[in-house]
Amino acid sequence: MTQRIEIAPSILAADFSCLGEEIRTVERGGAAMLHVDVMDGHFVPNISIGVPVVTSLRKATRLPLDVHLMIENPELYIQAFAEAGASMISIHEEATPHLDRALSMIREYGCQAGAVINPATPVAALSEVFGKVDLVLVMSVNPGFGGQKFIPGALGKIRELKRIRESYNYSFRIEVDGGVVQDNVADLVRAGAEILVAGTSIFHTPDAAEAVRAMKETADGALTQKV
Ligand code: DX5
Ligand code: ZN
């Protein structure tokens, strides 16, 4: 499977008072999708945004919407997010005892299905669902907040996922989320990451379009340097 890099700006770090403008800026920089962080104040100790924002985003951009559900009982909300216009819906392995059923639901509603693992969760926790996911999202921070420091253990998990995918011919893409900055992009790409989620390092800069462009350039560079 050829590795193709996509940058997914996380709108959690954007200025919500002018979200439309923020989106146009990252579109201009070459963002491949928008990462939308949904938090319920239970699964993670923070509250962010919900279905109405996805509905508005769907009207404001043609970019795929990568919806990351950091919520308990994600099954209850899959239909609503799918109907609001999500392209991909990712749910945490830790958030439901019925991961298999929830992933099937996501596909039944016409979205790509993603499974997410927290820093303390091993890759092996997903071994029974590798065949039914379009994405595996490795958290490289403990979810709940933007602007945290990258946890290096994520690199080993990304390598492991890549190895598993090759050995068993799975087709999921590998995504990483949390503390992704210019300085660790090359290592992440060499490990096997394909979708790079970045909030702070894109929106909290003077020029978010340039930040996306520079991150993609660094990532593509690391790809070609690979042996
Ligand atoms: C963390 C979220 C991330 C967050 C990343 O709970 O899932 O998507 O927005 O933000 P940065 O890039 O600032 O670590
Ligand atoms: Zn996220």
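Counting starts at 1 for both ligands and their atoms, following the listed order. Any value given below was found using the heavy atoms of this structure, including those in side chains, with hydrogens, waters and symmetry copies removed.
For ligand 1, the atoms sitting less than 4.0 Å from at least one non-hydrogen atom of Gly147 are 11 (P), 13 (O), 14 (O), numbered in the order shown with element in parentheses. Counting atoms of ligand 1 from 1 in the listed order, those under 4.0 Å from a heavy atom of Gly178 are 14 (O). Taking a cut-off of under 4.0 Å to the non-hydrogen atoms of Pro143, the atoms of ligand 1 that pass are 6 (O). Using a 4.0 Å cut-off to heavy atoms of His35, the atoms of ligand 1 that qualify are 8 (O).
In this structure, Glu93 contributes its side chain and Leu99 its backbone to no donor-acceptor pair below 3.5 Å. At distances below 3.5 Å, at least one donor-acceptor pair connects side-chain atoms of Ser140 with backbone N or O atoms of Gly178. At distances below 3.5 Å, at least one donor-acceptor pair connects side-chain atoms of Thr200 with backbone N or O atoms of Gly147. Between the side chain of Glu22 and the backbone N or O of Phe16, no donor-acceptor pair lies under 3.5 Å. Panel note: side chain Gln112, backbone Leu135; no donor-acceptor pair is recorded below 3.5 Å. A donor-acceptor pair is defined here as one N or O able to donate and one able to accept, closer than 3.5 Å; no such pair exists between the side chain of Asn73 and the backbone of Glu75.
Ligand 1 lies nowhere less than 4.0 angstrom from a heavy atom belonging to Ser201. Assignment of Met70 to the shell around ligand 1 is supported, since a heavy atom sits closer than 4.0 Å. Ligand 1 has at least one atom lying under 4.0 Å from a heavy atom of Gly179.
Ser201 and Gln182 share no donor-acceptor pair across their side chains, judged by distance under 3.5 Å alone.
Considering backbone and side-chain atoms alike, Gly199 places an N or O below 3.5 Å from some N or O of ligand 1. Backbone and side-chain nitrogen or oxygen atoms of Val141 are examined, and none is located within less than 3.5 angstrom of a nitrogen or oxygen of ligand 1. Note: no N/O pair closer than 3.5 Å links Leu12 and ligand 1 by distance alone. Checked by distance only, ligand 1 and Val180 stay at 3.5 Å or farther apart across all their nitrogen or oxygen atoms. Checking only distances, Asp37 does come within under 3.5 Å of ligand 1, N or O to N or O.
Val38 and Val197 are not part of a single hydrophobic cluster, where members link through side-chain heavy atoms under 4.5 Å apart.
Closest to atom 5 (C) of ligand 1, if we only count protein heavy atoms, is Asp177 OD1, 3.5 Å. Gly146 CA, 3.6 Å is the protein heavy atom nearest to atom 10 (O) of ligand 1. What sits closest to atom 1 (C) of ligand 1 on the protein, heavy atoms only, is Phe145 O, 3.5 Å.
Salt bridge absent: Glu27 and Arg213 never bring a charged side-chain N and a carboxylate O closer than 4.0 Å. Note on Asp134 versus Arg173: no salt bridge recorded, every NZ/NE/NH1/NH2 to OD/OE distance being 4.0 Å or above. Remark: Glu160 does not engage Lys162 in a salt bridge, criterion side-chain N to carboxylate O under 4.0 Å.
Between His35 atom NE2 and His68 atom ND1, the angle centred on the Zn ion (ligand 2) amounts to 100° (nearest 10°). To the nearest 10 degrees, the Zn ion (ligand 2) sees OD1 of Asp37 and OD2 of Asp177 at an angle of 170°.
If you look at Thr200 next to ligand 1, the close heavy atoms, those under 4.0 Å, come from the backbone and the side chain alike. With a heavy-atom cut-off of 4.0 Å, Ser10 touches ligand 1 through its side chain alone.
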